[in-house]
Every structure is written in C-alpha cells, then in structure tokens.
Amino acid sequence: MGFVRAAGSAVKMLKNIGARGIVLASVPLILIRAVPSWAAPTIEGSLETGGYVYSPQQYGFAGTGTEYRIYENVAFDAAFNDNWSFHFDSRAGYQSQKREAPDHWILNLYYSYLEYRSDSFGFQFGRIMDFNNLIYLYFDGCLLTNTITISGSKLILDLYGGVIVKDDYLKEYRNDLSFRTFSSVDYRNIFIKQRVGDYVAGTKVTLVAEKAGIFGLDYQLVLNNNAMAEHYASVNFETAFSTKFKLYGYGTLDLVRVLPSGTLVGMQIDPVESFSLVISHEYYRPVFLKNSYFWSYFEPYGNQEASATLLFIVSKPLTVDVKYGAIIYDSASEVGNEIALGLEHRNINKFGIKVNAELIVGPEGNLITLQAMMKRRVSILNLLAGGGVEFYNDDVITSGLSTGYFATLGADIEIIKSLILSASGEYSGNQRSRYDIRGTVSLKYIF
C-alpha cells in the first residue's frame with residue numbers, strides 16, 4: 001500500500017522489525033588515528049565488523065539454500081579545528097549470492113567529503129549525501145553555503161552540483177516488489193540506477209527566522225546527455241511562534257510534468273502536556289524519468305491521505321496514540337481507510353513494551369498488521385524480543401488475505417567501554433520479504 005505517514009504523526013509501525021539479523025563472525029577492530037601536524041583534531045565514529053547468514057525466499061530469487069555476507073563498516077567525523085572537518089562512511093562486503101553482486105564483492109562509499117564552515121561561509125567537497133526534493137541523493141561534487149545574519153535571523157544560501165552515483169543504502173532490507181511498503185521518498189529512488197552518471201545541480205534558500213520558524217525554497221535539475229531530463233521546485237516551512245500550535249509543510253513540483261510529486265501540510269496542537277492532536281494531508285505521485293519506458297507506457301497516478309492522530313501521554317512511561325486516515329487514489333474512485341493504534345510503556349516490571357495494530361483497506365491492497373516488542377536491560381546485556389503477524393493482499397484483492405509471520409530476538413553486550421557485541425535472529429513467513437530466516441553478529445567499536 002503506497003502511502004506515506006505524515007510527519008509529526010504518532011509512533012509508526014516498525015515495518016522491518018527484524019532488520020538487524022543474528023550471529024555469524026567477528027574480528028578485533030583497530031583504530032589508527034592519523035592526523036595532520038598542523039591541527040589539534042578530534043575524531044569520533046565507529047568501526048563495525050560483522051556478517052550474517054540467511055535463507056533466501058524462493059519468491060524473486062534463483063535457487064535456495066543458505067547464503068552469507070560478511071562486511072566491514074567504517075564511519076567517522078574528524079574535526080581538525082573549529083572550521084575544517086572531514087566526514088566518511090563506507091562499507092565493504094563479500095557475499096555468497098551473486099544477486100546485486102555479480103563478482104560477490106560489494107563496496108558502498110556512502111559519503112566522503114571535506115568540509116569548511118565559518119559563521120558566514122562553508123563548503124563540502126567530495127562524495128556528498130543529501131536529502132532534497134524527497135529523495136536521498138548521492139553525488140560527487142561540491143556544495144557551497146553562504147550565511148547572512150540579520151537581527152538574530154539567518155538567511156542561508158546553498159549552491160551544489162556534481163555527478164550522481166549509486167549505492168545500496170536504501171535497499172539492504174527492502175523488497176522492491178512490495179509496492180505497499182513504498183513512500184514518496186522511495187518512488188524517486190526506485191529509478192536511481194537510471195540516474196547514475198547524470199549531472200545534478202541545484203540551489204536552496206533557507207530563512208531561519210527568530211521566534212517565527214524555518215522557511216525554505218529550492219530548485220534542482222538533472223541533465224542527461226547534456227539535456228535537461230528532470231527539474232523540480234520545492235518549498236518547506238515549520239513555524240515556531242507558539243508552543244501550543246505548530247504548522248509545517250513540504251511540497252515539490254515536478255516541472256517536467258507540471259504536477260506535484262509530493263506535498264505535506266499539517267498542524268500540531270498541544271493544548272495540555274498530556275495530549276496532542278496532529279491533522280495532516282499528504283500527496284505523492286511517482287516521478288518517471290523523461291523518455292523512459294515508464295514515462296512512455298504508464299500514467300503516474302498518485303495517492304493522497306488526510307489523517308488525524310490523537311496522542312495521549314497517560315503518564316511518564318505510558319503513551320497511547322490513535323490514528324485515522326482517509327486515502328484517496330487518483331486511479332480509483334474508491335476511498336481507502338487507515339486505522340492505527342499504538343501503545344508504549346517504558347517500564348512494566350523493568351520491561352519496555354510496545355504494541356501496534358494497523359488496518360489499511362483500499363483498491364491498492366489490504367493490510368492488517370499486529371505486532372509487539374519488548375526490551376529489557378539485564379546487567380550488561382540489552383535484550384530485545386518481538387514478533388507479529390500480517391494479513392495482506394496486494395496482487396489479486398479478491399483472492400483473500402495471505403498470512404505472513406515475523407519475529408526477532410536479539411541482544412547486545414558492552415564487552416569493554418565502547419566495544420559492543422551484538423547478535424540477533426530474524427524470521428519472516430511473508431513471501432514479500434527478502435529472507436525467511438536470517439542471523440547476524442557484529443562487533444562494533446565506538447570511538
């Protein structure tokens with residue numbers, strides 16, 4: 001069911017509850033701090049060695065059996081002084097299955113850039129990860145920033161450009177064939193492979209107004225073979241003039257189709273400390289690349305949802321939220337419905353408990369989800385256990401509901417200060433999931 005949850009809404013379903021895996025193997029981690037002689041730097045980050053074994057689902061995969069992947073992840077932020085810094089995040093891995101890795105090796109350089117920042121000017125140079133126009137964008141290039149301060153308010157001007165690159169940041173645990181799990185963010189990311197090598201450029205203007213809020217405008221274009229393939233204009237705002245009432249919104253206009261690709265507007269009312277009301281409206285529409293197969297043969301129908309969420313803070317450890325949303329489809333006259341209920345208690349006999357239930361019905365598919373999760377710290381162990389069931393039909397709606405089960409069990413232990421060993425296991429009986437059984441272990445050093 002392809003709709004997005006509104007920002008500021010109640011606590012959402014943990015859709016991929018087992019996205020952390022179970023035990024395989026780990027090796028010691030060594031940190032070498034090499035710094036330039038001209039600076040007195042600080043550095044913080046993490047080194048993680050791990051891997052997982054899994055039994056892939058037959059659906060969408062060639063062959064069965066036990067597969068494995070091992071990986072090494074390095075991420076750090078190094079500050080050379082008050083102005084200069086360097087940021088890095090990458091993962092290298094080897095997997096037995098050739099799907100998405102024909103030579104078995106996987107290398108993801110998520111970002112790696114040098115940054116300079118002062119009160120008025122800044123830049124980033126290298127591989128940059130940016131979230132703009134409702135898409136996670138990775139590009140090799142440069143981002144320039146100029147900040148003007150006026151009477152306590154800030155006007156921030158950004159200019160960026162580069163070459164689009166690909167990574168698997170969003171694909172690790174998601175099944176591309178299950179469209180009911182997509183949001184407006186994902187729709188543009190579906191076609192990221194087709195954008196690799198294209199040039200991207202854009203500009204942003206953001207006003208951070210004292211006691212008023214944040215207001216922004218931005219424009220982005222994508223060039224393919226030196227011709228404009230896509231361009232977008234966006235606006236966003238969030239008010240801060242009242243602690244009892246807040247307005248927020250985001251909207252992107254696809255200037256090729258001259259149609260909105262994603263909009264969100266909402267308000268949050270907090271009359272008392274123990275109660276919040278969120279009313280929002282959200283619309284999204286898939287963006288197909290100009291002159292692509294999808295552009296030529298598919299109409300980009302969109303969905304929208306108007307919803308209201310009630311959040312009750314019964315006591316400090318107990319919160320309850322209730323949501324109703326009406327889903328309107330461009331492709332059908334039938335109106336869909338969403339009802340969600342959540343309960344979270346942070347201390348029931350030292351257990352943290354979270355329970356969620358969700359019902360979605362509509363012409364794009366029906367979904368019922370029930371799940372629960374428990375957490376507890378025992379001495380130096382953090383324990384996690386949870387599971388649930390889904391009833392769904394997103395292929396042939398008249399054929400009845402399929403049933404899918406899922407469960408996870410995990411623990412982590414702080415061996416010594418900042419050295420954490422984690423292990424967990426996952427089971428999924430839903431054929432729309434990527435794995436049926438998976439287990440992961442990781443040894444992570446935080447410095």
Side-chain angles (χ1 to χ4, degrees), residues 11-29 45-57 66-75 89 91 93 95-97 106 168-175 181 317 342-358 369-390 404-430 432-446:
V11 180
K12 297 180 285 188
M13 293 286 182
L14 298 177
K15 189 66 183 171
N16 297 317
I17 191 170
R20 289 185 174 83
I22 199 175
V23 179
L24 204 181
S26 59
V27 299
L29 302 169
S46 65
L47 298 174
E48 182 179 10
T49 302
Y52 52 82
V53 293
Y54 60 95
S55 175
Q57 293 274 16
T66 301
E67 305 287 349
Y68 69 89
R69 176 186 287 188
I70 56 176
Y71 63 85
E72 180 70 29
N73 196 93
V74 181
D89 189 1
R91 172 172 288 191
Q95 68 177 32
S96 58
Q97 193 176 64
I106 299 173
D168 297 324
Y169 216 22
L170 300 175
K171 289 195 164 195
E172 183 72 13
Y173 306 111
R174 192 188 67 194
N175 181 10
T181 66
L343 182 149
E344 182 175 5
H345 200 297
R346 295 177 180 85
N347 186 10
I348 298 181
N349 293 328
K350 299 182 179 180
F351 282 91
I353 297 177
K354 186 174 183 179
V355 180
N356 289 294
E358 183 180 35
T369 305
L370 305 171
Q371 65 179 26
M373 177 181 290
M374 293 189 300
K375 295 181 179 180
R376 177 160 185 201
R377 183 173 180 86
V378 179
S379 184
I380 58 175
L381 285 172
N382 289 312
L383 305 177
L384 171 69
V389 60
E390 284 187 338
Y405 301 94
F406 51 91
T408 188
L409 179 66
D412 63 63
I413 178 174
E414 188 172 356
I415 300 175
I416 58 176
K417 185 178 180 180
S418 300
L419 184 62
I420 300 172
L421 176 65
S422 299
S424 61
E426 172 192 355
Y427 165 76
S428 175
N430 184 337
R432 287 298 196 180
S433 65
R434 189 176 285 262
Y435 315 111
D436 51 11
I437 298 176
R438 188 167 92 141
T440 302
V441 65
S442 70
L443 183 64
K444 188 172 186 178
Y445 175 54
I446 301 173

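Formation of a donor-acceptor pair under 3.5 Å by the Ser422 side chain with backbone atoms of Asp412 is not found in this model.
Taken from OG in Ser442 to CG in Leu47, the straight-line distance is 12.0 Å, to the nearest 0.5 Å. Here NE2 of His345 is found 13.5 Å from CZ of Phe351. Values are rounded to the nearest 0.5 Å. Taking OG1 from Thr408 and OH from Tyr427, the interatomic distance works out to 13.5 Å, rounded to the nearest 0.5 Å. To the nearest 0.5 Å, atom NZ of residue Lys444 and atom CD1 of residue Ile420 are 7.5 Å apart. Remark: Asp89 CG to Asn73 CG distance equals 5.5 Å, nearest 0.5 Å. Annotation: the span from Glu426 atom CD to Tyr54 atom OH amounts to 12.5 Å, rounded to 0.5 Å.
Each of Glu414, Arg377, Arg376 was compared with Asn382 under the side chain to side chain donor-acceptor pair (under 3.5 Å) criterion, and only Arg377 meets it.
Annotation for Gln97 and Gln95: closest pair O-NE2, 2.7 Å, computed over non-hydrogen atoms.
In this structure the side chain of Gln371 reaches within 4.5 angstrom of the side chain of Phe406, judged on heavy atoms. Between Thr369 and Asn356 there is no side-chain heavy-atom pair separated by less than 4.5 Å. Side chains of Lys354 and Lys375 form no contact here, defined as non-hydrogen atoms less than 4.5 Å apart.
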